[in-house]
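Below is one structure, written out as structure tokens, with a few remarks after it.
All ligand and atom numbering here is 1-based and tracks the order in the structure.
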Amino acid sequence: MAPRKLAAGNWKMNGTTASLAEVDALTAPEGCGVLICPPATLIAAMAAQVQGGVMVGGQDCHAKASGAHTGDISAAQLKDAGASHVILGHSERRADHGETDAQVAAKAGAAHGMGLTAIICVGETDAQRDAGETLDVIARQLAGSVPEGASAGNTVIAYEPVWAIGSGRTPTAEQIAEVHALMRERLSARFEDGADMTLLYGGSVKASNAREIFAIAHVNGALVGGASLKAADFAPIVAALAAA
Ligand code: PGA
């Protein structure tokens, strides 16, 4: 089995019901998963609206199944709303909410328990890259954030350099290749089917750079923020991945 290709859109805190029409123009090509992770308020409506094999996911979940956690959402609730995936440990959550690797691993375990695919995000800051710490940071985040029980069937890893997110700056192909090779090596050493896990790149992916990024070894797709909000921007990225 080869890693399954995935083009994943992360709408972050953008979109209202008026935005749902964007998914009408999306379909999943043969052999290529297409996923949109809208705000939680739109998951159920989007799940009812998507067609052509397009999937819907959440942007976070709590590690607990239910209880007194005001404002949080459980994996079971995401599943109930029609989600198949959940993004976990995005750098914005690590920064805004102080999420640790251990918390991300616990959330991923909860997602797995509900049959959701966890998209676990890792990535270095500008300062960490400048200090030559990138590979250490990625290895540490991978070891700490990916729980036992992860497999190619329930886990996707997204490498998102913090400095590349929303900035228009992307790493060189060599920099992406170096990190993805490390991730493949570590995941293959730890998990029986680590060689088959889908590895995404994320951070300022757009139609104009997608082809080059998808040509890099061990890049099996993308996690796309800004360029996933409009079908006109996202569809060409999906097409580039299908053709890669
Ligand atoms: P961006 O965001 O594509 O807008 O850089 C990517 C992400 O944060 O997942």
Go through ligand 1 atom by atom and flag the ones less than 4.0 Å from a non-hydrogen atom of [X].
{"X": "N10", "answer": "9 (O)"}
{"X": "E160", "answer": "6 (C), 7 (C), 8 (O), 9 (O)"}
{"X": "G203", "answer": "5 (O)"}
{"X": "S204", "answer": "1 (P), 3 (O), 5 (O)"}
{"X": "I165", "answer": "2 (O), 5 (O), 8 (O)"}

Within less than 4.0 angstrom of ligand 1, does [X] place any heavy atom?
{"X": "K206", "value": "no"}
{"X": "G202", "value": "no"}
{"X": "A227", "value": "no"}

message: Please evaluate residues Q59 and H90 with respect to the criterion side chain to side chain donor-acceptor pair (under 3.5 Å), reporting the C-alpha separation (whole Å), side-chain torsions for both, the decisive distance (0.1 Å), and the verdict.
response: CA-CA 8 Å; Q59 299 176 9; H90 189 282; over 6 Å; no
query: CZ of R129: more than 12 outside heavy atoms within 6.0 angstrom?
result: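 Yes, enclosed.
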message: As a quick check of understanding, evaluate side-chain contact (heavy atoms from CB on, under 4.5 Å) for N220 and R4, giving each step before the final call.
response: CA-CA 7 Å; N220 311 123; R4 194 172 150 69; over 6 Å; no
task: Could you tell me whether R140 and E133 make a salt bridge, using a distance below 4.0 angstrom between a side-chain N and a carboxylate O?
output: no
Verdict with reasoning, E148 to R190, per salt bridge (charged side-chain N to carboxylate O under 4.0 Å, His left out): CA-CA 9 Å; E148 293 307 319; R190 184 168 164 211; 3.0 Å; yes
field: R94, K12, K107 screened by salt bridge (charged side-chain N to carboxylate O under 4.0 Å, His left out) with D60, the one that passes
entry: K107
message: Would you say V34 ends up clustered with V23 if hydrophobic residues are merged whenever their side chains have heavy atoms under 4.5 Å apart, either directly or through other cluster members?
response: yes
task: Return the residue, atom name and 0.1 Å-rounded distance of the protein heavy atom closest to atom 4 (O) of ligand 1.
output: G226 N, 2.9 Å
- prompt: Any idea which protein heavy atom is nearest atom 3 (O) of ligand 1, and the distance to it?
  reply: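 The closest one turns out to be G225 N, 2.8 Å.
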query: Purely on distance, is any nitrogen or oxygen of H90 under 3.5 Å from one on ligand 1?
result: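 Yes.
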field: Audit row: D126, R169, salt bridge (charged side-chain N to carboxylate O under 4.0 Å, His left out) steps and yes/no
entry: CA-CA 11 Å; D126 231 346; R169 295 167 59 203; 3.4 Å; yes
